[in-house]
Amino acid sequence: MTQQGVRWTADQVLALAPDTASRKAGSKLGAAGPWSEAGSSDEGTVWGLCRGSGSRPYRTVIDIADSTGPAYKCSCPSRKFPCKHALGLLLLWAGEDGTVPRGQVPKWAGEWIEGRRKRADDKRAAGAAGSPPSGDPEAARRRAERRAEWITAGAAELEQRLSDLLRGGLASAEQTGYGLWEETAARMVDAQAPGLAARVRELGAIPSSGSGWPVRLLEECALLHLLDQGWLRRERLPDGLAATVRSRIGLPGSADGPPVRDHWLVLAQYDTSDSHLTTRRIWLYGAGSGRAALVLSYGAAGRAPELALPVGLALDAEVSAYPGVGQSRAALGERFAPPAPTEFRPPGVDVARAVARYGEALRDDPWLESHPVTLGRVVPVPDGDGWQLADADGELAVPLTPAARSRSGLWRLVALSGGAPVTVFGECGHRGFSPLTAWPEGPGEAVTLC
Amino acid sequence: MTRNPAPPEAPEGNHWEELVTVALLGTARRTPPGVTAGRDAPAALLDAAAVETVRRRAGMRPGRAAARVEPAAEDARPALPPAAARRLTMLLADRPGAGSGGRRGTAPDLMELLPQWLATANRQGFAAPPQALPALLDAARGRTDLRPAVLAFAGPRALWLARLNTDWRFALRSTPGGGAALPGPEEPERMRELWEEGLFAERVALLSSIRARDAAAARDLLATTWATERAEDRLMFLDSLRTGLGAADEPFLERALADRSRNVRATAAELLSALPGSALAGRMAERAGTCVAVDRTQDTPAIVVEAPHECDPGMERDGVLPKAPAGRGERSWWLGQLVEAAPLGAWSRRLGGRTPEEIVALPVADDWQDELHAAWCRAAVRQRDPSWSRALLGTPAAPEAGGPGAVSLAERAKLLGTLGSEERAEWVAGFIAVHGLSEAFQLLGVCTVPWAGPLGRAVVDALNIARDAGSYPWSFSGVMGLAERCLDPAEAVRLEALTAVPDEPEDAAPGAGGYWAESFQRLVTTLRLREAMQSELTRA
């Protein structure tokens, strides 16, 4: 790896921070003041000594070239990961003022790097030797059968509840409130069908979601019914659709698709979290294959998921798809080079094409909420209380989703555009378009909106 | 996005609505169309609804575009260098509300450096990166002192944004005319039109901008409508004449002395008294002169004061306010106003050819000294007279300079403002060397940034002395913060030695040494950061 042309932007470094407090603390350490003996090697190692309040400076080292994403090691006592020192050192490295000169890796940093790479190699060698079968295949088959029986019982019970609801009328759902759905969701968790449980929980929130709720409740009930029926008759479905149903129900699958090597551009990265889990969604776009892939990474509540890929970088890597037709989810396999900045941008389509693509995707997966798409030459336009993205060269427009309207990223998008065309990547679905990343019409870096 | 319009052969829209109606009422009350009633009716309804839902979603069409907004005006300024753009992102990541605070530690306070960064970027004439505008406007929304620099840097696109987001309306208020360039005397038509038909804020902005370029043109413009303006507006317009005030303004101001509004009269008088050659200044000199004299009958000459016994109509016409505020004697109130408005140059003649220093050194009989010196201070500030300021300030090392004398710290700060920046810094450095830092805060605030060498060294020496004396650094946090923003970055080298944790002497406050080391570390880090900021913005 060469140091020329691979420096990251401050935004890309700050995107690695586990929380906003770390962003602030890291920003403050992105100056030469507290650092000494900082340096970087051609192999992608960055190190430095950071003076803290104690007498011994902290030793911070980062392996940027690691094939599983940047890896950090710091002698500070922080439990945050990466810590503010690692963020500060990366910011310093990202700057151009020569405070992180190229040099010989010091012994203390070299030892850690070597140990890490050796462990990674061992693991890879072990993986290549064929993963040992997990226990007795016969026992595994019996476990899977038992789980399928539980799910079947759960789906049948859910069908009964939906029938009762429709027999009595949705109007009564407004009164019964949240409790009924919470209880049903808990039953689905017991039945080991987390996908059903999540959908049921969302049903409970719809009657209080404002005007038009009966339409939304009927839609979601109908799609839940469709999923139940899909599961109950999965033997008769084509293989691809059956796999989609299994993944929607929440059965674990493994990314067993053939590995596709490509230059994967990181289009977007954003986190959602509930009380147990932080889910990181990373959208990749294959420059050669033209495919979009969604990589998920999880972290325990309050902790950032470990995988972090700054938007605007591209990586030479293999990606394998999860089973199921119409599914974008994929797993990142081997990486052949560290992520590096790129001028490449995904090609854009017009609004009509973007909306049509979502419709086409529904043929494969009727439960699909939205579809990844890049809009080319669109202009954000205010429309009453909301906003829309309108074709710069046409008369058609797609509205932004209600959630996107309230995000601060909306204003970054509007500011970037200034009323002129921009390229916008986002998720396009039946609720509208949710913008995630934008590029100016002329040259310029990717601007994150989420 | 519009829902799928109905295919021509079947009224699908009605079909969906019928399904929703049945679902709301319940299949026990109504049978879905084309379904037999009974136990399976709910499942049949859900089947039909599932088909319709997927069909409706798959068949969605884009909507019509709403009316477009006129694009933002071009910003012809060059883009920031990449390193400076990165720095801006970091500075804005630190703004309040963007995360939790906590102890300051050794890290610099980035938000405090934003004003300097903006000032340099504006001097260099760079355009703001468009995607940074929302964060910049949010920062300026919370801090009014940042607004002028932010709005200058943010340029026309920020005003374009402010029209779309009510949170940023302040940008439009702060920029009359919504950012369109104000017409000057070279566009007489537009100028006259805006002056006669513009909103009040636009008219004030127009008048100020013309006044800054051509004092006479602004005065002539004001004269065209003066008689018909409302009293509050006359007051604001008159205020604009402070810029570039000169002898040529005297006739206009003399006429304003006869204004119907008392506030307008007082302002006109104040402006005239700042013109030492004006007729009003002459009249005030005469009045003040009759009140103050040197008594030579004593062994040492002293000043005697005979305050006016009445406020006659002539004094009132010249702007003297007859009614004293509660708690003040009428006669001393009138005296103060006369001395304040009298040209300082007249006192030397009146008091035996003495220099300002000699006059200030004279004892004053009957406790009039405080009153008289305070009035001279106000006059020195109003007339921007350095020699009188110097005399009233005295030497910084004088014992009374540190204590509460006739001249308060606030007045001293104003007097310092009339001196050149080098002399100002030297005076404050001398003051700190003798009196320490505890009283110096206000005085440091009027010194030019970055601080001149002697001043910076005096501050650092005083901080070092405070550390050796065993006090805690937070007793000096105000001065520390000021030093972080104002010290010349070149001083960083000199400060290195102070960043080590010292051995604690027996009698020192526990732990103070460590806190001081931390404070000095932060100071050095901040200076280095400012140096980096500067070079990122100025490198060719």
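The chains referred to below are lettered A, B, ... by the order of the sequence lines, with proteins before strands, and numbering in each begins at 1.
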request  = Could you tell me which of A/Ser163, A/Gly169, A/Gly418, A/Ala222 has the largest number of non-hydrogen atom pairs under 4.5 Å with chain B?
outcome  = A/Gly418
note = Between A/Gly432 and A/Thr401, the two heavy atoms sitting closest are C-CG2, 3.6 Å
inquiry  = Between the side chains of A/Arg167 and A/Asp164, is the shortest nitrogen-to-carboxylate-oxygen separation below 4.0 Å, so that they form an ion pair?
reply    = yes
note = Against chain B, residues from residues 441-450 of chain A with at least one heavy atom under 4.5 Å, in numeric order, are A/Val447
key: Residue among A/Ala390, A/Gly359, A/Gly419, A/Ala415 with most heavy-atom pairs under 4.5 Å to chain B   = A/Ala415
query = Any ion pair linking A/Arg353 and A/Glu360 (charged N to carboxylate O, less than 4.0 Å)?
reply = yes
query = Do you know which of A/Leu413, A/Leu223, A/Val13 has the most heavy-atom pairs under 4.5 Å to chain B?
reply = A/Leu223
query = Under a 4.5 Å heavy-atom cut-off, does chain B meet the side chain of A/Glu369, its backbone, both or neither?
reply = side chain
key: Top contributor to chain B contacts, counting heavy-atom pairs under 4.5 Å, from A/Pro366, A/Ala356, A/Gly168   = A/Gly168
request  = Heavy-atom pairs under 4.5 Å with chain A are the metric here; pick the option from B/Leu529, B/Leu46, B/Val22 that has the most.
outcome  = B/Leu46
ask   = Given that the side chain runs from C-beta out, which part of A/Ala17 has a heavy atom under 4.5 Å from chain B: side chain, backbone, both or neither?
value = neither
key: Among the listed options B/Asn165, B/Leu527, B/Leu19, B/Val69, the residue most often paired with chain A at heavy-atom distances under 4.5 Å   = B/Asn165
key: Check: A/Arg407 side chain, A/Pro435 main-chain N or O, donor-acceptor pair, under 3.5 Å   = yes
inquiry  = Looking only at heavy atoms and a cut-off of under 4.5 Å, which of B/Ala48, B/Ala66, B/Ala67 has the most pairs with chain A?
reply    = B/Ala66
ask   = Any donor and acceptor pair, going by atom type alone, linking the side chain of A/Ser27 with main-chain N or O of A/Arg23 inside 3.5 Å?
value = yes
ask   = Heavy-atom distance under 4.5 Å to chain A: side chain of B/Val524, backbone, both or neither?
value = neither
query = Within a strict 4.5 Å, meaning less than it, do heavy atoms of the A/Leu16 and A/Pro310 side chains meet?
reply = yes
note = Residue set satisfying salt bridge (charged side-chain N to carboxylate O under 4.0 Å, His left out) with B/Asp47, at least two apart, ordered chain then number -> none
ask   = Just by modelled atom types, is the A/Asp350 backbone N or O under 3.5 Å from a matching donor or acceptor in the A/Asp391 side chain?
value = no
Salt bridge (charged side-chain N to carboxylate O under 4.0 Å, His left out) involving B/Glu74 - partner list, sequence neighbours excluded = none
request  = Select one option (side chain, backbone, both, neither) describing which atoms of A/Ser22 are under 4.5 Å from chain B's heavy atoms.
outcome  = neither
Without placing hydrogens or testing angles, list every side-chain donor-acceptor pair under 3.5 Å for residues 379-387 of chain A, not counting sequence neighbours.
{"unit_1": "A/Asp383", "atom_1": "OD2", "unit_2": "A/Gln388", "atom_2": "NE2", "d": "3.3"}

task = State whether A/Glu220 and B/Arg57 are salt-bridged, where the test is any N-O pair (Lys NZ or Arg NE/NH1/NH2 against Asp/Glu carboxylate O) under 4.0 Å.
result = yes
message = Report which part of B/Arg68 has an atom under 4.5 Å of a heavy atom belonging to chain A: side chain, backbone, both, or neither.
response = both
query = Which one of B/Leu161, B/Val54, B/Thr499 has the most heavy-atom pairs closer than 4.5 Å to chain A?
reply = B/Leu161
task = Can you tell which part of A/Leu416 gets under 4.5 Å to a heavy atom of chain B, answering side chain, backbone, both or neither?
result = both
inquiry  = For the backbone of A/Leu91 and the side chain of B/Arg86, can you confirm whether one donor and one acceptor N or O come within less than 3.5 Å of each other?
reply    = no
ask   = What option among A/Ser417, A/Ala420, A/Ala438 has the most heavy-atom pairs under 4.5 Å with chain B?
value = A/Ser417
inquiry  = Is B/Leu133 close to chain A through its backbone or its side chain, or both, or neither, when contacts mean heavy atoms under 4.5 Å?
reply    = side chain
key: Winner by heavy-atom pair count (cut-off under 4.5 Å) against chain B, out of A/Arg412, A/Gln229, A/Glu159   = A/Arg412
ask   = Does the distance from a Lys or Arg side-chain N to an Asp or Glu carboxylate O, for B/Arg528 and B/Glu496, drop under 4.0 Å?
value = yes
inquiry  = Within the 4.5 Å heavy-atom criterion, are B/Leu92 and B/Leu114 side-chain neighbours or not?
reply    = yes
